Amino acid sequence: MVWKSLSFILPLALATSALARLTPPRPSVPPVSAPIEAPVVDRNGTTIPPYTTTYFFDQLIDHNNPRLGTFKQRFWHTWEFYEPGGPIIIMTPGESNAQPYTGYLTNKTINGQIAQQENGATIVIEHRFFGLSNPKPDLTVQSLRLHTIQQAIDDLEYFAKNVKLAMPGGDKVKPGQAPWVLVGGSYSGALTSWTMVNKPGLFAAGYASSAVVEAITDYWGYFEPIRQFMPKNCSADVQAVIAHFDQVFTSGNTKAINSLKASFGMASLTHLDDVVDALKFPLYTWQDLAPNTGPGGDFFNFCDALEVKNGVSAPASGWGLNHALQAWGNFFTNTFISDSCGDDSVVDCFGTYDATQDFFTNTTIDNANRSWMWFVCNEVGFLQEGAPLGHPTLVSRLLQPIYDERQCQMMFPQAFPRGPAQPNVAKTNAKFRGWDVRIKNLFFANGQRDPWREATVSADGVNVRSTPQQPIGLSDGFHCSDLSTTNGNVDSTVKAVQVQALASIKSWLKDYRRQFNIIEINLGGIDIHLKRSPKWGRDVVVEAE
């Protein structure tokens, strides 16, 4: 096929243009925007505020020291499907500005499907230190000391127990008065699991999609699902090129090293680990794939650049090293660098050794890369490196954790004055149970083709058992494919996971209502929400509408 300009490069470039650096993808929830044309109407036929209406909650700055006061935490909310006694379905998109995620209020997503089935209301809440929900006015190390997994969990608890929602009866839906369901994907999917472990009983049910529950420092497994499921010819040639880079770069042959760098348009990059790190970026577009992605998807376009020659596709074994080197080099030199780096130099775009770069020094708020890196460097790791010796690899083995840990020290020198960072993943996994999570009413939804799969309970060799209390739905999907109901309509295996989840949640909420004696009845068109009082042994009216 004729090569075309890669559209996938543009989001990477735009997202990092102010930082002059390409950055690896985070374990993030795919954005879903809410429709804005039609009015939103509740079950009574009343027009209610648009999905895009922004609300503010007075969240504690520090849950360990409430005297420090509060900050304004943004959230979005609708009661389109709500009826008295229904659940509150809450989600944080995690490590992103939450503004583009208002679609998760709607039935275009599993959140809205739960709400529609159970007569519930939906909430999207912005995570502390992301977007405009910041306890402090900047992202300095001193401010980020309050940016921990535990503080984020405590935010969810404090919100659920104290928020007064704009909907009718919105001050009478605290946990115990109404069931709350926590939904998340990727990092926020892990946060769902970690919260239910840390705050047992707070949420009646949880739905965790592509949940990276196990913190891992050397996360070379990111590339395993890609290697397993990508076109065989492309995998063979990528492995051959990477092996060649490793052989040349460790040979000590300066002439051969410089020639190879130049053939990929990276002659000016001094550090060889920066060169091989740049080669990972076409592979990262795998994370953007969905079950309905056609053959023109960005990842497949990259493979076509290597594997289609004179209109003919390579056999499963690929074309071999010579052709792959030339094809990938041409792609990098003529397309990738210009589309992804724009006016920035190759050194600014791929280099990681200049501590004065804006990427390392920018402490202004709404800088998701910096806020996420704080988690990476301290609590979760997820450093995406080459595979160990003896295992096939799509990524250079020159890339080891020290490459990224050094960058943590450059970004947060006050936090790591004695040397490169060493994320304390053992503490995270011990506290929140990681792969060892065993908790009631938590549904895990994973995709075989998800590059984050190896940090989920569906990782190869982990063998976490699916049970009725903690089911694991595994589809043929990619990253968080099951969060979108549109994707579910395309792929039957994703749809099956969603159907299974909805049935599980229906059963769990029924048990919750029985436990807390929550009763909903309708008398003459009037919704009455009753709660049986253990003290008096009789029904008392909580609200009537």
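Basis for what follows: all heavy atoms, side chains included, without hydrogens, waters or symmetry-related copies. Because the structure is a prediction, the values reported are computed rather than measured.
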Review point. When you look at Asn446 and Ser458, which way does the side chain to side chain donor-acceptor pair (under 3.5 Å) test go after all the steps?
Key: CA-CA 7 Å; Asn446 295 319; Ser458 298; 2.8 Å; yes
Practice item. Determine, stepwise, if the pair Lys495 / Asp482 fulfils salt bridge (Lys or Arg N to Asp or Glu O under 4.0 Å). Key: CA-CA 7 Å; Lys495 181 66 174 178; Asp482 51 274; over 6 Å; no
Exercise for review: Verify side-chain contact (heavy atoms from CB on, under 4.5 Å) between Phe203 and Val181, making sure each step is shown before the conclusion.
Suggested key: CA-CA 6 Å; Phe203 291 96; Val181 180; over 6 Å; no
Exercise for review: Carefully, step by step, assess Trp194 and Val197 under the rule side-chain contact (heavy atoms from CB on, under 4.5 Å).
Suggested key: CA-CA 5 Å; Trp194 298 338; Val197 167; 5.7 Å; no
Practice item. Verify side chain to side chain donor-acceptor pair (under 3.5 Å) between Gln448 and Asp476, making sure each step is shown before the conclusion. Key: CA-CA 5 Å; Gln448 293 192 76; Asp476 292 334; 2.8 Å; yes
Check your understanding: Where do Ile88 and Gln177 land on the side-chain contact (heavy atoms from CB on, under 4.5 Å) test, with the steps shown first?
Key -> CA-CA 11 Å; Ile88 308 299; Gln177 296 176 315; over 6 Å; no
Practice item. Kindly indicate, with the supporting measurements, whether the criterion ring pair (Phe, Tyr, Trp, His ring centres under 6.0 Å) is fulfilled by Tyr222 and Trp452. Key: CA-CA 6 Å; Tyr222 179 95; Trp452 293 97; 5.1 Å; yes
Exercise for review: Start with the C-alpha distance between Glu80 and Asp42, add both sets of side-chain angles, then the distance that settles side-chain contact (heavy atoms from CB on, under 4.5 Å), and finish with yes or no.
Suggested key: CA-CA 4 Å; Glu80 178 182 6; Asp42 70 9; 5.7 Å; no
Exercise for review: Under the side chain to side chain donor-acceptor pair (under 3.5 Å) rule, what do Gln228 and Asp460 come out as? Steps first, then yes or no, please.
Suggested key: CA-CA 12 Å; Gln228 292 167 356; Asp460 289 342; 3.2 Å; yes
Check your understanding: Would Gln239 and Ser235 satisfy side chain to side chain donor-acceptor pair (under 3.5 Å), going step by step from the backbone distance to the final call?
Key -> CA-CA 6 Å; Gln239 291 179 59; Ser235 174; 2.9 Å; yes
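Panel note: side chain Asp491, backbone Thr493; a donor-acceptor pair is recorded below 3.5 Å. Put simply, the side chain of Arg449 never gets that close to the backbone of Pro291: no donor and acceptor are under 3.5 Å apart. The closest donor-acceptor contact from the side chain of Gln470 to the backbone of Ser466 lies at 3.5 Å or more, if one exists at all. With Gln287 contributing its side chain and Arg26 its backbone, the two residues share a donor-acceptor pair below 3.5 Å. Remark: the backbone N or O of Leu191 is paired with a side-chain donor or acceptor of Thr195 at under 3.5 angstrom. A donor-acceptor pair is defined here as one N or O able to donate and one able to accept, closer than 3.5 Å; such a pair exists between the side chain of Ser186 and the backbone of Pro27. Counting only distance, with no hydrogens or angles, the side chain of Thr456 and the backbone of Ser210 share no donor-acceptor pair below 3.5 Å. Put simply, the side chain of Glu95 never gets that close to the backbone of Trp372: no donor and acceptor are under 3.5 Å apart. Side chain of Trp435 to main chain of Val462: no donor-acceptor pair is present (N/O by atom type, distance under 3.5 Å, no hydrogens or angles). Looking at Gln117, its side chain never comes within 3.5 Å of a backbone N or O of Ile114 through a donor-acceptor pair.
Inter-residue side-chain proximity for Leu442 and Thr192 is flagged as met; some heavy-atom pair is nearer than 4.5 Å. Side-chain atoms of Val376 and Asp404, non-hydrogen and from C-beta on, never get closer than 4.5 Å to each other. At a threshold of 4.5 Å between non-hydrogen side-chain atoms, the residues Phe478 and Leu289 count as touching. Residues Lys280 and Leu399 meet the side-chain proximity criterion, which asks for heavy atoms closer than 4.5 Å. At a threshold of 4.5 Å between non-hydrogen side-chain atoms, the residues Thr485 and Thr109 do not count as touching. The closest side-chain heavy-atom distance from Val213 to Val457 is below 4.5 Å. Here the side chains of Val41 and Ile48 are not in contact, with every heavy-atom distance at 4.5 Å or above. Using a 4.5 Å heavy-atom cutoff, the side chains of Pro451 and Phe223 are not in contact.
Applying the side chain to side chain contact (heavy atoms under 4.5 Å, CB included) criterion to Pro30, with sequence neighbours excluded, gives Tyr104, Cys480. Lys72 meets the side-chain hydrogen bond (donor to acceptor under 3.5 Å, both in side chains) test with Asp58; sequence neighbours excluded. Applying the salt bridge (Lys or Arg N to Asp or Glu O under 4.0 Å) criterion to Asp218, with sequence neighbours excluded, gives no partner residue. Residues passing the salt bridge (Lys or Arg N to Asp or Glu O under 4.0 Å) test with Arg433: none are found, sequence neighbours excluded. Residues passing the salt bridge (Lys or Arg N to Asp or Glu O under 4.0 Å) test with Arg397, sequence neighbours excluded: none.
In this structure, the separation between CH2 on Trp180 and CG on Leu156 is 9.5 Å, given to the nearest 0.5 Å. To the nearest 0.5 Å, atoms CZ (Phe56) and CZ (Arg74) are separated by 6.5 Å.
Below 30°, between 30° and 60°, or above 60°: for Phe130 and His147 the angle between ring planes is above 60°, a perpendicular geometry. Between Tyr55 and His77, the two ring planes are perpendicular [angle over 60°; tilted spans 30° to 60°]. In this pair, Trp286 and Phe300 present their aromatic rings perpendicular. The plane angle is above 60°, beyond the 30 to 60° band.
Scanning both residues, Pro49 and Trp79, for their nearest heavy atoms gives CD-CH2, 3.4 Å. The two residues Ser188 and Val29 have their closest heavy-atom pair at OG-CG2, 3.6 Å. Nearest heavy atom pair, residue Ile216 against residue Glu454, reads CD1-O, 3.8 Å. Pairing each heavy atom of Pro179 with each of Ala204, the nearest pair is CB-CB, 3.7 Å.
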Under 3.5 Å, side-chain donor or acceptor atoms of residues 160-170 against the rest of the protein: list the pairs with distances, not counting sequence neighbours.
{"from": "Lys161", "atom 1": "NZ", "to": "Glu157", "atom 2": "OE2", "distance (Å)": "3.1"}
{"from": "Asn162", "atom 1": "ND2", "to": "Tyr158", "atom 2": "O", "distance (Å)": "2.8"}

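Side-chain contact check for His63 and Asp155: at least one donor-acceptor pair (N or O, by modelled atom type) lies under 3.5 Å. Remark: the Asn441 side chain and the Gln469 side chain contain no N/O donor-acceptor pair separated by less than 3.5 Å. At a cut-off of 3.5 Å, with distance as the only test, no side-chain donor of Lys108 or Gln113 sits close to an acceptor on the other residue. Checked by atom type, the side-chain pair Glu379/Asn424 shows no donor-acceptor distance below 3.5 Å. For the residue pair Asn134 / Arg128, no side-chain donor-acceptor distance below 3.5 Å is found, with atom types taken as modelled.
With His127 as the partner, the ring pair (Phe, Tyr, Trp, His ring centres under 6.0 Å) test is satisfied by one option alone out of Tyr101, Phe159, Tyr187: Tyr187. A side chain to side chain contact (heavy atoms under 4.5 Å, CB included) with Val238 is found for one member of Leu394, Val395, Thr393, Ile226 and no other, namely Leu394.
Side-chain rings of Phe412 and Trp374 approach one another, their centers coming within less than 6.0 Å.
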